[in-house]
Amino acid sequence: MKINWKSKGLFKIAIIFFLLVNTSYYWEGKLGLFAFPVFLLLFIVYLFLAAELLIQFFFLLKEKFADKSRLLYSGFLTTVLIVVFFRPYGLIDFEKFEADNLLIAERESVANCKTVLKLKDDFTFKERNVCFGVMESTGKYYIQNDTIYFDNVRTSILNDYHYQFAVIKTEDENHFDFVRYESLTDTVGNGLWITKNELHKFKDKSNKRTGFIE
């Protein structure tokens with residue numbers, strides 16, 4: 001029994017599924033609240049492909065593994081499902097190809113919601129908020145005196161909210177907060193806990209819009 005056109009279509013679906021999983025680093029943060037429905041859809045596709053693999057194994061046993069095309073197809077499905085199971089965020093850590101993180105600040109709130117902000121040494125930043133969706137803000141930043149200003153900010157779908165600037169506040173000798181403010185009239189701010197701070201490496205740089213101002 002040869003593989004029919006439906007199986008060939010599922011082969012294409014498996015390829016697209018594999019590519020989406022392995023490139024999620026680039027697209028999930030842009031979807032905002034739509035990210036979780038997409039993840040749910042990918043999970044359903046995963047179960048569907050697993051069921052398809054069981055069907056193919058049934059025919060392989062029935063045919064005593066005589067159909068080489070079915071054997072190749074089943075091997076491909078097996079590889080895709082195993083790889084995604086053990087590496088659900090993809091085979092490649094794409095962040096390794098980005099600039100180094102000079103400052104990392106984060107906060108975890110109720111319902112396992114988590115915000116992580118990273119300032120990189122190429123004067124770009126990335127803020128990621130996972131809570132009933134994946135919200136992401138990216139852009140440039142520059143430092144003037146003790147204030148960090150955000151510039152050219154890009155946000156996720158249905159999310160145009162972002163902070164204008166931030167300052168580092170000392171709670172005690174072991175605890176520093178990265179406090180962000182919406183505007184000059186914002187007197188409360190929103191704080192994140194600093195887990196890494198190497199901004200002192202900017203002291204040799206002096207571009208007003210993209211560097212450290214003494």
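- Looking at L42 and L20, their side chains come closer than 4.5 Å, going by heavy atoms from C-beta outward.
- Between atom CG of residue L49 and atom CD of residue Q56 there is a gap of 11.0 Å, rounded to the nearest 0.5 Å.
- Looking at every heavy atom in both residues, V80 comes nearest to A14 through CG1-O, 4.4 Å.
- Within a 6.0 Å radius of OH in Y25, more than 12 heavy atoms belonging to other residues, nucleotides or ligands are found.
- In the model, R87 has no side-chain atom that pairs as donor or acceptor with a side-chain atom of N22 under 3.5 Å.
- The line from CG of L41 to CZ of F36 is 14.5 Å long, rounded to the nearest 0.5 Å.
- By the 6.0 Å contact criterion, OH on Y89 is open, its count of non-hydrogen atoms from other residues, nucleotides or ligands being 12 or less.
- Surrounding CZ of F65 are more than 12 heavy atoms belonging to other residues, nucleotides or ligands, all under 6.0 Å away.
- Inspection of the E52 and Y73 side chains reveals an N or O donor paired with an N or O acceptor under 3.5 Å.
- Counting only distance, with no hydrogens or angles, the side chain of W193 and the backbone of E108 share no donor-acceptor pair below 3.5 Å.
- Residue E198 holds its CD atom at 12.0 Å from CG of L119, rounded to the nearest 0.5 Å.
- Proximity of a side-chain donor or acceptor of S24 to a complementary backbone N or O of V21 within less than 3.5 Å is detected.
- In this structure, F132 is not a member of the same hydrophobic cluster as V130, with clusters built from ILVMFWY side-chain heavy atoms closer than 4.5 Å.
- Of the possible polar contacts, none joining the S74 side chain to the F57 backbone as a donor-acceptor pair under 3.5 Å is found.
- Considering CG of L40 and CD1 of I44, their distance stands at 4.5 Å, rounded to 0.5 Å.
- L117 is listed as a side-chain neighbour of F178, based on a closest heavy-atom distance under 4.5 Å.
- Across every non-hydrogen atom of N129 and C131, the tightest pair is OD1-CB, 3.6 Å.
- Both I16 and I82 are assigned to one and the same hydrophobic cluster, defined by single-linkage of ILVMFWY side chains at heavy-atom distances under 4.5 Å.
- E127 pairs in a side-chain hydrogen bond (donor to acceptor under 3.5 Å, both in side chains) with only one of the listed residues (K118, R180, H162), which is R180.
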What's the verdict on side-chain contact (heavy atoms from CB on, under 4.5 Å) for M135 and L33, showing C-alpha distance, side-chain angles and the deciding distance?
CA-CA 7 Å; M135 300 292 184; L33 295 175; 3.5 Å; yes

Under the side chain to side chain donor-acceptor pair (under 3.5 Å) rule, what do D67 and S69 come out as? Steps first, then yes or no, please.
CA-CA 6 Å; D67 189 337; S69 61; 2.6 Å; yes

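- Between the T124 side chain and the K120 main chain, no donor and acceptor come within less than 3.5 Å of each other.
- Under a hydrophobic-cluster definition in which Ile, Leu, Val, Met, Phe, Trp and Tyr are linked whenever side-chain heavy atoms come within less than 4.5 Å, directly or via other members, V134 and F34 are assigned to the same cluster.
- Taking 4.5 Å as the limit, some side-chain heavy atom of N190 sits within range of a side-chain heavy atom of Y163.
- Within the 4.5 Å cutoff, the side chain of I194 has heavy atoms near those of the N197 side chain.
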The test is side-chain contact (heavy atoms from CB on, under 4.5 Å); show your working for L54 and F58 and say whether it passes.
CA-CA 6 Å; L54 291 176; F58 170 78; over 6 Å; no

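- Side-chain atoms of N101 and E95 form a donor-acceptor pair, as typed in the model, at a separation below 3.5 Å.
- Annotation for F85: atom CZ does not count as buried by contact number, only 12 or fewer foreign heavy atoms lying within 6.0 Å.
- Put simply, the side chain of L199 reaches to within 4.5 Å of the side chain of I148, judged on heavy atoms.
- By the 4.5 Å heavy-atom criterion applied to side chains, L103 and I168 are counted as neighbours.
- Cluster annotation: I13 and L81 are assigned to the same hydrophobic cluster (Ile/Leu/Val/Met/Phe/Trp/Tyr, side-chain heavy-atom contacts under 4.5 Å, transitive).
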Check against salt bridge (Lys or Arg N to Asp or Glu O under 4.0 Å), E136 and R154
CA-CA 8 Å; E136 186 175 272; R154 297 178 296 277; over 6 Å; no

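- Hydrophobic clustering keeps L102 apart from I104 (ILVMFWY residues linked when any side-chain heavy atoms are closer than 4.5 Å, directly or through intermediates).
- Across Y141, Y142, F125, a single residue satisfies ring pair (Phe, Tyr, Trp, His ring centres under 6.0 Å) together with F150, and that is F125.
- Atom NZ of K114 has 12 or fewer neighbouring heavy atoms from other residues, nucleotides or ligands inside a 6.0 Å radius.
- Between R128 and E106 there is no salt bridge, since no side-chain nitrogen of the basic residue lies less than 4.0 Å from a carboxylate oxygen of the acidic one.
- Counting only heavy atoms from C-beta outward, the side chains of L53 and F76 never approach each other to under 4.5 Å.
- Between V83 and F18 the shortest side-chain heavy-atom distance falls below 4.5 Å.
- Distance check, rounded to the nearest 0.5 Å: OH of Y46 to CZ of F43 gives 9.0 Å.
- Ring orientation note: the planes of Y181 and F165 are close to parallel, at an angle under 30° on the 30°/60° scale.
- For D177 (side chain) and V179 (main-chain N/O), no donor-acceptor pair under 3.5 Å exists by modelled atom type.
- A donor-acceptor pair is defined here as one N or O able to donate and one able to accept, closer than 3.5 Å; such a pair exists between the side chain of S156 and the backbone of G29.
- One distance of note links CD1 of I92 with OG1 of T23; it measures 10.0 Å at 0.5 Å rounding.
- At distances below 3.5 Å, not a single donor-acceptor pair connects side-chain atoms of K64 with backbone N or O atoms of L60.
- With D186 contributing its side chain and V188 its backbone, the two residues share a donor-acceptor pair below 3.5 Å.
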